[in-house]
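Taking it in order: structure first as structure tokens, then the write-up.
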Amino acid sequence: MDNITNTTNSRKDFLKITALTGAATLLNACNFFDKKENQSPKSEARLNKPIVLSTWNFGLAANDAAWKILTNGGRALDAVEAGVMVPEGDPTERSVGYGGRPDRDGRITLDACIMDELSNIGSVACLEYIKHPIQVARAVMEKSPHVMIVGDGALQFALEQGFKKENLMVPDSEKEYKEWLVKSEYKPIANIENHDTIGMIALDAAGNLSGACTTSGMAFKMHGRVGDSPIIGAGLYVDNEIGAATATGHGEEVIRIAGCHLVVELMRQGRNPEEACKEAVMRVVKLMEIRKKDLKDIQVGFIALNKQGEYGSYCVQDGFTYAVYDENGNNLHTPNSHIVLKKEAKPKLDTLKK
Ligand code: ASP
């Protein structure tokens with residue numbers, strides 16, 4: 001009886017397979033006539049992985065640390081955390097972590113967030129005295145029932161988790177703060193070092209995406225001010241089916257358009273990473289125009305990476321750089337921008353960031 005059932009099944013299977021093979025041959029033939037020259041079928045597209053990219057010139061050193069993890073088969077999440085910890089821990093980097101510039105009350109308040117391939121998220125904002133806010137953000141993600149903890153609560157949580165309370169004010173910050181107090185003028189300036197963020201996104205060898213973003217925010221900001229960097233969807237977004245994006249620049253403008261979520265959604269709709277970043281930047285431009293604000297006063301830059309390992313960037317005005325580490329090495333890129341400064345007026349990138 002079993003044999004008969006098997007034979008019947010085998011015959012059914014044979015008929016099924018023959019029919020399917022016929023259909024597949026027919027489909028292939030249709031595709032053949034349909035196919036544009038040089039267009040390789042999607043399944044044959046080569047994946048560029050592992051790969052990591054991050055914002056500004058300090059992204060180069062950050063990428064080095066991330067790459068070590070990625071080339072050893074490590075997880076993108078571990079790579080981005082280790083990567084952004086490099087500028088966070090460097091007292092000469094004046095816009096992130098230790099060495100970050102203070103707010104108008106002389107307090108150094110830090111923002112950071114992290115997101116993995118399963119859409120686990122963690123974030124801290126307005127966190128004081130902790131050198132590596134990205135690690136606290138990860139602890140929020142993995143060891144708390146919440147996704148975002150701010151201010152005193154964030155510090156309390158960090159101390160409970162065993163993080164060390166440290167003075168983050170370096171002598172240069174103290175000096176600049178005293179100078180700033182003379183006029184006490186708050187003027188966010190595009191493209192100089194009074195605000196920069198390390199945003200990092202990576203695709204690991206297993207094909208998974210993660211991202212991290214960390215900053216001291218705008219120098220001399222109002223106490224309690226929070227920018228885009230710790231806000232999932234604004235300063236960072238990861239969708240493991242589509243891609244990842246992170247941002248730098250005037251956080252108020254990035255939040256206004258839910259920037260990084262927008263970039264990822266545009267990639268979902270078929271834009272390549274640069275096109276997606278450009279469309280998001282043009283949304284910023286449009287809203288600045290509607291509100292009759294001078295675009296030259298701001299900078300916003302997005303970097304994006306898709307699931308295939310293709311990457312791109314776009315920014316409001318010249319001056320932004322980003323670093324990419326893949327099989328071609330660790331290289332600095334200058335993205336296209338909406339406002340192209342005249343050659344002679346172009347700021348020297350080296351003077352913007354080491
Ligand atoms: N996006 C950061 C903030 O607004 C600053 C920056 O990247 O320049 O806090």
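Counting starts at 1 for both ligands and their atoms, following the listed order.
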As an exercise, identify every atom of ligand 1 less than 4.0 angstrom from a heavy atom of [X].
{"X": "Thr248", "value": "6 (C), 7 (O), 8 (O)"}
{"X": "Ser229", "value": "1 (N), 2 (C)"}
{"X": "Thr197", "value": "1 (N), 2 (C), 5 (C), 6 (C), 7 (O)"}
{"X": "Asp228", "value": "1 (N), 2 (C), 3 (C), 4 (O)"}
{"X": "Gly249", "value": "1 (N), 2 (C), 3 (C), 4 (O), 5 (C), 6 (C), 7 (O), 8 (O)"}

Side chains of Ser229 and Thr215: any donor to acceptor distance under 3.5 Å?
no
Regarding His223 and Asp103, do their side chains bring together a donor and an acceptor under 3.5 Å, going by distance alone?
yes
Is the distance between the ring centroids of Trp56 and Tyr322 less than 6.0 Å?
no
Tyr314/His338 aromatic ring centres below 6.0 Å:
no
Does the pair Arg101 and Ser95 meet the rule for a side-chain hydrogen bond (donor to acceptor under 3.5 Å, both in side chains), with working shown?
CA-CA 6 Å; Arg101 291 184 175 83; Ser95 55; 5.7 Å; no
Are any of the N/O atoms in Gly251 less than 3.5 Å from those in ligand 1?
yes
Considering residues at least two apart in sequence or located in another chain, which fulfil the side chain to side chain donor-acceptor pair (under 3.5 Å) criterion with Asp239?
Arg268
Of Gln299, Arg225, His250, which has the heavy atom at the shortest distance from atom 3 (C) of ligand 1?
Arg225
